[in-house]
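So the structure is just underneath, and the comments pick up after that.
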Amino acid sequence: QVQLQESGPGLVKPSQTLSLTCTVSGGSITTNYYYWSWIRQPPGKGLEWMGAITYAGSTYYSPSLKSRTSISRDTSKNQFTLQLSSVTPEDTAVYYCARVNQPAGMAYDYWGQGTQVTVSS
């Protein structure tokens with residue numbers, strides 16, 4: 001059973017960089033052919049895909065967030081990390097990490113429970 005767990009600060013000040021880590025257990029982030037994604041949900045809005053890192057280490061970003069987003073990984077810890085720079089209150093959201101199953105048609109098959117991040121001074 002694959003499990004994902006988000007961690008990071010719940011409060012970030014405007015203009016700072018938000019950094020979240022997703023720790024994966026029950027499966028390796030380097031296993032073919034899974035992608036590891038970050039998704040967020042602002043209050044009262046739908047889910048927004050932010051980006052992903054593949055089993056091979058390639059990264060993909062939402063065009064609307066690409067200039068502020070960086071996703072990296074630490075294979076020794078089986079973790080991947082999101083950094084979002086120059087945050088504003090509009091970046092307040094519940095942030096999720098999730099696994100994308102490429103052989104299953106790019107379906108999200110495992111999710112973390114989500115972590116609330118509030119951007120406020």
Side-chain angles (χ1 to χ4, degrees):
Q1 179 79 2
V2 176
Q3 294 184 316
L4 295 87
Q5 177 70 56
E6 304 91 348
S7 60
L11 180 65
V12 183
K13 295 187 186 307
S15 80
Q16 292 187 341
T17 296
L18 178 163
S19 183
L20 297 174
T21 295
C22 183
T23 300
V24 179
S25 59
S28 172
I29 63 172
T30 62
T31 299
N32 300 347
Y33 294 93
Y34 298 114
Y35 291 26
W36 304 88
S37 289
W38 286 99
I39 300 115
R40 68 180 182 179
Q41 185 169 30
K45 298 184 179 181
L47 295 170
E48 178 183 21
W49 178 79
M50 302 181 69
I53 188 164
T54 73
Y55 56 94
S58 299
T59 51
Y60 299 90
Y61 300 108
S62 165
S64 64
L65 296 170
K66 185 175 182 178
S67 64
R68 299 195 291 130
T69 307
S70 177
I71 298 174
S72 59
R73 66 180 185 172
D74 185 335
T75 57
S76 67
K77 296 180 180 178
N78 215 35
Q79 296 174 333
F80 61 106
T81 299
L82 169 73
Q83 290 193 309
L84 182 67
S85 63
S86 304
V87 296
T88 72
E90 285 66 44
D91 293 310
T92 295
V94 178
Y95 286 74
Y96 299 92
C97 56
R99 190 180 83 167
V100 180
N101 190 332
Q102 185 185 29
M106 303 298 283
Y108 292 98
D109 57 1
Y110 292 99
W111 291 73
Q113 84 283 3
T115 187
Q116 173 70 47
V117 177
T118 301
V119 179
S120 174
S121 56

Work out which heavy atom in [X] is nearest to a heavy atom in [Y]; give both atom names and the distance.
| X | Y | result |
| --- | --- | --- |
| Ser86 | Asp91 | O-OD2, 4.3 Å |
| Asp74 | Ile29 | O-CD1, 4.3 Å |
| Pro43 | Ala93 | CD-CA, 4.4 Å |
| Ser19 | Pro9 | O-CD, 3.5 Å |

Okay, side chain of [X], backbone of [Y]: is any donor-acceptor separation there less than 3.5 Å?
| X | Y | value |
| --- | --- | --- |
| Trp36 | Phe80 | no |
| Asn78 | Gly27 | yes |
| Ser58 | Thr54 | no |
| Thr92 | Val119 | yes |

Checklist entry - Relative to each other, are the rings of Tyr60 and Tyr35 parallel, tilted or perpendicular (30° and 60° limits)? => result parallel
Checklist entry - Hey, what's the ring geometry for Tyr96 with Trp111, parallel, tilted or perpendicular (30° and 60° as the breaks)? => result perpendicular
Item to check | Close side-chain approach of Met50 and Ile71, heavy atoms under 4.5 Å | outcome: no
Item to check | Contact check, side chains of Tyr95 and Thr115, non-hydrogen atoms, under 4.5 Å | outcome: yes
Taking atom [atom1] of [X] and atom [atom2] of [Y], what is their separation to the nearest 0.5 Å?
| X | Y | atom1 | atom2 | value |
| --- | --- | --- | --- | --- |
| Leu11 | Gln116 | CG | CD | 10.0 Å |
| Gln83 | Thr21 | CD | OG1 | 8.5 Å |
| Leu84 | Thr17 | CG | OG1 | 8.0 Å |

Checklist entry - What salt bridge (Lys or Arg N to Asp or Glu O under 4.0 Å) pairs are there with at least one residue in residues 43-63, not counting sequence neighbours? => result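 For residues 43-63, and leaving out neighbouring residues, the salt bridge (Lys or Arg N to Asp or Glu O under 4.0 Å) pairs sorted by first residue read Arg40-Glu48.
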Next on the checklist: So, using ring-ring contact (aromatic ring centres under 6.0 Å, His included) as the criterion, who are the partners of Trp49 when residues are at least two apart?
Outcome noted: none
Next on the checklist: Applying side-chain hydrogen bond (donor to acceptor under 3.5 Å, both in side chains), can you list everything that pairs with Ser64, at least two apart in sequence or on another chain?
Outcome noted: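 In terms of side-chain hydrogen bond (donor to acceptor under 3.5 Å, both in side chains), with neighbours along the sequence ignored, Ser64 is linked to Ser62.
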Checklist entry - Who pairs with Thr88 by side-chain hydrogen bond (donor to acceptor under 3.5 Å, both in side chains), at least two apart in sequence or on another chain? => result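 side-chain hydrogen bond (donor to acceptor under 3.5 Å, both in side chains) list for Thr88, sorted by chain: Glu90.
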Linked, directly or transitively: [X] and [Y] (ILVMFWY side chains, under 4.5 Å):
| X | Y | answer |
| --- | --- | --- |
| Leu4 | Val100 | no |
| Ile53 | Val2 | yes |
| Tyr110 | Val94 | no |

Item to check | Any pair counted as side chain to side chain donor-acceptor pair (under 3.5 Å), so long as it reaches residues 3-16, sequence neighbours left out | outcome: Gln5-Gln113
Checklist entry - What disulfide (SG to SG under 2.5 Å) pairs are there with at least one residue in residues 44-84, not counting sequence neighbours? => result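 Pairs touching residues 44-84 that pass the test: none.
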Item to check | Residue of the set Leu47, Asn101, Ile39 for which side-chain contact (heavy atoms from CB on, under 4.5 Å) holds with Tyr108 | outcome: Ile39
Item to check | Ring-face cation contact, Tyr34 with Arg99, 6.0 Å cut, 45° max | outcome: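 Judged by the rule (NZ or CZ under 6.0 Å from the ring centre, within 45° of its axis), Arg99 counts as positioned above Tyr34.
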